[in-house]
> 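What follows is a single structure, and I will ask about it in a moment.
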Amino acid sequence: MNKKSNSVTFKKLTLHKLDWLEWITIGLAIWFVLYPKPYEILLGTLLIIPIFGLILNGLHKPSMATLVEISADKDGNDKYDVADFIDIAAYAILIRAFIDYEFESFYSLIIPGTIAFTIILTILFVTHKLIANTTRNKWWIYSSLIFNVSLYSYAGTYAANCTYDYSEPIVFETKILEKRIQKRSKGRKTYYIKVAPWGHHYDKEEISVGSSRYEEMYVGEHIKIDLKEGLFNIPWFYIERK
């Protein structure tokens, strides 16, 4: 097969037909990150979109390469860009999960997150063929897909675990010992409070809070922390508002 024929084959393999779904995902992701209301509906939609996109794109059993667009950077090296309805949704969910929820234990995420990851990978492999005819590095394509699918699976599992958890919280009282602001690159700031031991947290610990909450709190103040069991038995906690 000559170079021209290879190029045509590759183009057909790597251009999916779901641009409209990508634009919807981008719009919803921006909305969710910047103004997450209605929270449960937006999260639920972003959780469904990647699965819907995989099934829709896989109706005719195309190659997995159709989910990765490959272009050259300024140095002529290949860039592997996974379909936005997967990676943009994953990053939006991850950002909000870190902003909105506090991990009780990362270890408790391993089993439910891995189950979700296995399910999504199964959908991917059932609906798409393995990559065959391409002159590009197929292992980079696979690794890009698997990385973004894993990000979506674990972030989505944790976000759903907290958002749709309607269990009764166990309430603990503690005291604010210190406050600090960490300045990051490009002027970004992260706000922390250090609290006294509470529950089975036997050491002092820092908890990140939003800027408005940070301004409302003061050293020496007694606050309440609610510990919840989680929809998937992944414990998490939050600071009660006054």
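Below, each value reflects all heavy atoms present in this structure, side chains not excepted, and no hydrogens, waters or symmetry copies. For this chain, numbers begin at 1 and follow the sequence in order.
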> Look at the rings of Tyr142 and Trp139 and say which category their plane angle falls in: under 30° parallel, 30 to 60° tilted, over 60° perpendicular.
tilted
> Tell me whether Glu206 is salt-bridged to Arg180, with the criterion being a basic N under 4.0 Å from an acidic carboxylate O.
yes
> For the residue pair Trp198 and Phe172, categorise the inter-ring angle as parallel (less than 30°), tilted (30 to 60°) or perpendicular (more than 60°).
tilted
> Answer yes or no: are there more than 12 heavy-atom neighbours, outside Tyr107 itself, under 6.0 Å from its atom OH?
no
> Is the NZ or CZ atom of Lys179 positioned over Tyr214's six-membered ring, under 6.0 angstrom from the centre and within 45° of the axis?
yes
> Supply the atom-to-atom distance Leu54 CG to Thr122 OG1, rounded to the nearest 0.5 angstrom.
11.5 Å
> Does Lys61, at its NZ atom, have more than 12 non-hydrogen atoms belonging to other residues, nucleotides or ligands within less than 6.0 Å?
yes
> Is it true that atom CD1 of Ile55 has more than 12 heavy atoms of other residues, nucleotides or ligands lying nearer than 6.0 Å?
yes
> Parallel, tilted or perpendicular, judged at 30° and 60°: which one describes the rings of Phe237 and His201?
perpendicular
> Give a yes or no on whether Tyr191 and Phe98 share a hydrophobic cluster (residues Ile, Leu, Val, Met, Phe, Trp, Tyr; joining criterion: side-chain heavy atoms under 4.5 Å apart).
no
> Verify ring pair (Phe, Tyr, Trp, His ring centres under 6.0 Å) between Tyr158 and Phe103, making sure each step is shown before the conclusion.
CA-CA 9 Å; Tyr158 186 69; Phe103 279 90; 3.8 Å; yes
> Do other residues, nucleotides or ligands put more than 12 heavy atoms under 6.0 Å from the NE2 atom of His60?
no
> Same hydrophobic cluster for Ile49 and Val33, using side-chain heavy-atom links shorter than 4.5 Å among ILVMFWY?
no
> Same cluster or not: Ile41 versus Tyr39, using hydrophobic residues (I, L, V, M, F, W, Y) connected whenever any side-chain heavy atoms lie under 4.5 Å apart?
no
> Which value, rounded to the nearest 0.5 Å, describes the distance between Leu18 atom CG and Ile24 atom CD1?
10.0 Å
> Please check: side-chain N/O of Lys138 versus main-chain N/O of Ile131, any donor-acceptor pairing under 3.5 Å?
yes
> Is it true that Asn57 and Thr66 share a donor-acceptor pair across their side chains at a distance under 3.5 Å?
yes
> Please determine, by modelled atom types, if Trp236 and Asp165 share a side-chain donor-acceptor pair under 3.5 angstrom.
yes
> Taking Lys228 for the side chain and Ser167 for the main chain, is one N or O donor matched with an acceptor at less than 3.5 Å?
yes
> Looking only at the aromatic ring of each residue, does the gap between the centers of Phe117 and Tyr152 stay below 6.0 angstrom?
no
> Would Ile95 and Phe32 satisfy side-chain contact (heavy atoms from CB on, under 4.5 Å), going step by step from the backbone distance to the final call?
CA-CA 10 Å; Ile95 289 169; Phe32 187 52; over 6 Å; no
> Where do Leu47 and Gly156 come nearest, in terms of heavy atoms and distance?
CD2-CA, 3.5 Å
> Please report the shortest heavy-atom distance between Phe232 and Ala160, naming the atom on each side.
CE1-CB, 4.0 Å
> Determine, using the 4.5 Å side-chain heavy-atom cutoff (strictly less than), whether Ile88 and Leu124 are members of one ILVMFWY cluster.
no
